[in-house]
Amino acid sequence: MGTMKFEVPHSLPKDEARKRVEQLLQYWAEKYGVKANWAGDGAKVIGKVMGINLDANFTITDGAIQGEGTDPGMLLRGQAKSYLQKKFSAALDPSKSGIEDDKGLA
């Protein structure tokens, strides 16, 4: 399988963005058993979310989260990319205090 790239822009300070992404990954760990290994401003994430295998690496920069993961194939690619974009965007929304504001997190 190939790789799928994604990028989610944000306007938060990098430390706040990381804190919110950590909350999202913690939620995925508790709900789906996803494992995340941090190294600096990036992480490797492995697990299964909403029935889609997730094997991705990403980095938090000053203005975006950039990453790539295993492409789940043509049938699930759009759904997987949309899900990641939606969840990271919700977690990084400056009008919210964090993931607890996003009731539709799953």
TODO: Say whether Val21 and Tyr32 are linked into one hydrophobic cluster, either directly or through other cluster members, by side-chain heavy-atom distances under 4.5 angstrom.
DONE: yes
Task: 4.5 Å side-chain heavy-atom contact, Val49 and Lys87 - done: no
Let me have the donor-acceptor pairs involving side chains of residues 36-44, under 3.5 Å, with sequence neighbours excluded, atom names and distances please.
from: Asp41; atom 1: OD2; to: Lys14; atom 2: NZ; distance (Å): 2.9
from: Lys44; atom 1: NZ; to: Asp55; atom 2: OD1; distance (Å): 2.6

TODO: For residues 58-69, pull every pair meeting side chain to side chain donor-acceptor pair (under 3.5 Å), keeping only residues two or more places apart or in separate chains.
DONE: Lys5-Glu68
Task: Nearest heavy-atom neighbours spanning His10 and Ala17 - done: CE1-CB, 3.7 Å
Open item on the list: I need the Leu54 CG to Tyr83 OH distance, nearest 0.5 Å.
Closed with: 9.0 Å
Open item on the list: When you measure from the side chain of Arg20 to the backbone of Asp93, do you find a donor-acceptor pair of N or O atoms at a distance under 3.5 Å?
Closed with: yes
Task: Close side-chain approach of Leu24 and Leu92, heavy atoms under 4.5 Å - done: no
TODO: Treating Ile, Leu, Val, Met, Phe, Trp and Tyr as nodes and any side-chain heavy-atom pair under 4.5 angstrom as an edge, say whether Tyr27 and Val8 lie in one connected cluster.
DONE: yes
- [ ] Calculate, to the nearest 0.5 Å, the distance between atoms CZ and CG belonging to Phe88 and Leu25 respectively.
- [x] 6.0 Å
Task: Pairs satisfying side chain to side chain donor-acceptor pair (under 3.5 Å), at least one member in residues 73-82, at least two apart - done: Asp71-Arg77
Task: Non-hydrogen side-chain atoms of Gln85 and Phe6 separated by less than 4.5 Å - done: yes
Open item on the list: Between Lys19 and Glu22 (salt bridge meaning N to carboxylate O under 4.0 Å), is one present in this structure?
Closed with: no
